[in-house]
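Since the structure comes first, as structure tokens, the remarks are kept for the end.
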Amino acid sequence: MQRRGALFGMPGGSGSRKMAAGDIGELLVPHMPKIRVPRSGDRVYKNECAFSYDSPNSEGGLYVCMNTFLAFGREHVERHFRKTGQSVYMHLKRHVREKVKGASGGALPKRRNSKMFLDLDTDDDLNSDDYEYEDEAKLVIFPDHYEIALPNIEELPALVTIACDAVLNSKSPYRKQDPDTWENELPVSKYANNLTQLDNGVRIPPSGWKCARCDLRENLWLNLTDGSVLCGKWFFDNSGGNGHALEHYRDMGYPLAVKLGTITPDGADVYSFQEEEPVLDPHLAKHLAHFGIDMLHMHGTENGLRDNDIKPRVSEWEVIQETGTKLKPMYGSGYTGLKNLGNSCYLSSVMQAIFSIPEFQRAYVGNLPRIFDYSPLDPTQDFNTQMTKLGHGLLSGQYSKPPVKSELIEQVMKEEHKPQQNGISPRMFKAFVSKSHPEFSSNRQQDAQEFFLHLVNLVERNRIGSENPSDVFRFLVEERIQCCQTRKVRYMERVDYLMQLPVAMEAATNKDELIAYELTRREAEANRRPLPELVRAKIPFSACLQAFSEPENVDDFWSSALQAKSAGVKTSRFASFPEYLVVQIKKFTFGLDWVPKKFDVSVDMPDLLDINHLRARGLQPGEEELPDISPPIVIPDDSKDRLMNQLIDPSDIDESSVMQLAEMGFPLEACRKAVYFTGNMGAEVAFNWIIVHMEEPDFAEPLTIPGYGGAASAGASLFGATGLDNQPPEEIVAIITSMGFHRTQAVQALRATDSNLERALDWIFSHPECEDSDFVVTMENNANANIISEAKPEGPRVKDGSGMYELFAFISHMGTSTMSGHYVCHIKKEGRWVIYNDHKVCASERPPKDLGYMYFYRRIPS
């Protein structure tokens, strides 16, 4: 990116209107107090709209607010202006044109384009010799859309010039100092575009690598210039070595190296010795192909060896991605892909499946105008806004258009090239939903099942009024625990969102083949020969279902009948069947070294699933219940005095401990009570309280403290906790009434939402009956109006029905563990299967339903 002097030394746009410096200054005077220079810590969004996936590459360009530094596409900038009154925006636009042809008919030699100054994500065309790019920036003043072309250093006030320069030179808002977060975006190496590669005939074998200067076989780096394989040292991953790769760079000056064993179809670890940092190489596939490495068929492994020797026709990478089959690309509404941000395929696969469900489509995309209109001042930090943005991006078809016919391309190229954007980048969405999460905020591969539950939790906590689309996944599980000595039983219910099926390896139907394959494989590894053709265990689905329903031992079971620990067994059944059943095949386990491993198995998943036989039956005739006696709570000695003598204020409850427990799936109010009654002694002690009291009828009811006049607040509000008389803070009431709502509506909404401003606005719009004048008068005359919001809470909302389901989507994983590999999603749409492989969306020819990891079933109406 160019410096200020270079940028503002550019000539002005030919189409801009010339004015005297005084005229422009006079025009900007009323707006000067709201024009800011970005400070350290300000996030400047100049690549992507907060409400859509428009960018400077889009036809309408992008508008950056010169006060908030949020960006908006042409369809959304007016909304921000009306909502905030911010009038001055910087309009950014990148123009793409065909290059002028030389005398021989070819494009003129490529030159550095001095008119490119936007720090944008590049596509394949950016490095083509056929196009040239020109970036345009101008100030736009609303509401009259007056335009001031940039640069204009002679006529603009100094503050405006500095602010414009700072915006244009700002870095990506996703960069952070923490090297472990995914948002620490790796830079593209300046050597990648023009990297010299020696034509020395070097070809890298698929295995058996060794440092050329010593005998090390781990932490090996391939120099991308001459193909030398040398050991690393302390850089990049802190693994051991003798530093020969670095010595080679000092001797020869070849800048880039890739770590062997990390190469997958998604990319690899690339290090720049010259730039002294990990980098991105956008041409990595071509650079590796120079040395005979097919990046699309490489699979990273833990010991530096790759499993590329497995024959393609049985490799899960080939089968799941349907490699070798000519797949027809799909375009239009519902066929939009998601670009991979670097190990973000787990998120992409889950979100594609989620937004194929009508309830999620209606909740977010169906409510788009209301959600966008009433989004907070910073919509990038609002879950519902970002969910709606992503859903609209996937379903609208706006970012999934077929290529223009060649004759039309020729015609368009004569004027200006308007490339079609295919696929959207979930960068803003991922930044928000992974915020403060130690795993999802990293750049490492994650478990799609864990992300699914994380997403459900976010949907639960950010419901839109009374609507909660995650209700379609929720079901009740009946757990029957039996004391083995007394034969007495206890029945409990818990909430769950997915069915986890164990892999019944002992039921494999091809055991003899597996034994023979394992012997041959070990012999081949010992002799460093190519591995034999893979034999995958074939597991009947019925065996997995049987394993799920069988009794399991309960560790440390305390029998209330014996008043002591005893042996116990537990069986689980469905107390209700969900509208959509998510089934996880538990393929991942831990090895002896605690490294996650994966069962590479084939399970014959059915298209039609009947689990009605797993319906819970409750207490049966002849069964005797265990006495309702709680085990003693073991309290650490150093905390007993504190617990006995100190009654904490409800507003002082440790919310971090509450959220730790809530993440485990326990009701939020139960978590608050557990933390309160154990004196803020931590999540572990509170967990013990939950286990003891979870069978009590008021387990999930709000915390009620004698002397506090009712239920304790469920959480802190924006301006402080609600008062003892349940009267919301006047500051928030005033904000809502200033929007034109009646005071009684504001008070009622705040009481129903614990004085949370954003949730209160949602409550008002989801309760239109409260706008009726008769209702308002009644409420004003009702001294006990707060009883409406203090009604006894209902139990978990479930959509019970038949246990007959049909398969409509599944997510598959390739790789050896959740820490590596790749995810893709198959969804059945309009009667045919479609594969969603990051940004590529194609009609599926052979959907590998037997190799999936998560399966999504919808209920068949009875």
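No experiment lies behind these values; they were computed from the predicted model shown. Below, all heavy atoms of this structure are taken into account, side chains as well, without hydrogens, waters or symmetry copies.
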Ring centre gap for H392 and Y53 strictly below 6.0 Å: no
Close aromatic pair by centroid cut-off 6.0 Å: Y857 and F810: no
I860 backbone acceptor or donor facing E806 side chain under 3.5 Å: no
Residues Q381 and K435: side-chain donor-acceptor under 3.5 angstrom: yes
Aromatic ring proximity W833/F808, centre distance under 6.0 Å: no
Exam field: side chain N340 to backbone N343, donor-acceptor pair closer than 3.5 Å: yes
Short N-O contact, R858 and E579, less than 4.0 angstrom: no
Scan the side chains in residues 453-462 for donor-acceptor partners under 3.5 Å anywhere in the protein, sequence neighbours excluded, and list what turns up.
from: H454; atom 1: NE2; to: V433; atom 2: O; distance (Å): 2.7
from: N457; atom 1: ND2; to: E663; atom 2: OE2; distance (Å): 3.1
from: E460; atom 1: OE1; to: N468; atom 2: ND2; distance (Å): 3.0
from: E460; atom 1: OE1; to: R474; atom 2: NH2; distance (Å): 3.0
from: E460; atom 1: OE2; to: S470; atom 2: OG; distance (Å): 3.2
from: E460; atom 1: OE2; to: R474; atom 2: NH2; distance (Å): 2.4
from: E460; atom 1: OE2; to: Y497; atom 2: OH; distance (Å): 2.6
from: N462; atom 1: ND2; to: L458; atom 2: O; distance (Å): 2.8

Any donor-acceptor pair under 3.5 Å from R832 side chain to A843 backbone: no
Value rounded to 0.5 Å, distance of NZ in K570 from CD in E552: 4.5 Å
Exercise: do S425 and E48 side chains pair donor with acceptor under 3.5 Å: no
F577: ring pair (Phe, Tyr, Trp, His ring centres under 6.0 Å) partners, not counting sequence neighbours: F574
Test side-chain hydrogen bond (donor to acceptor under 3.5 Å, both in side chains) applied to H76 - qualifying residues, sequence neighbours left out: R79
Any donor-acceptor pair under 3.5 Å from D607 side chain to L807 backbone: no
Contacts of D800 that satisfy salt bridge (Lys or Arg N to Asp or Glu O under 4.0 Å) - sequence neighbours left out: R615
Partners passing salt bridge (Lys or Arg N to Asp or Glu O under 4.0 Å) against R846 (at least two apart in sequence or in another chain): none
Between H813 and K598: side-chain donor-acceptor atoms closer than 3.5 Å: yes
Stacked cation flag K389 on F429, 6.0 angstrom / 45 deg: no
Ring pair (Phe, Tyr, Trp, His ring centres under 6.0 Å) partners for H839, two or more places apart: none
Stepwise side chain to side chain contact (heavy atoms under 4.5 Å, CB included) check, L851 with R536: CA-CA 10 Å; L851 299 182; R536 186 175 285 113; 3.5 Å; yes
Modelled atom types, side-chain donor and acceptor of N837 and H822, under 3.5 Å: yes
F451/F440 aromatic ring centres below 6.0 Å: yes
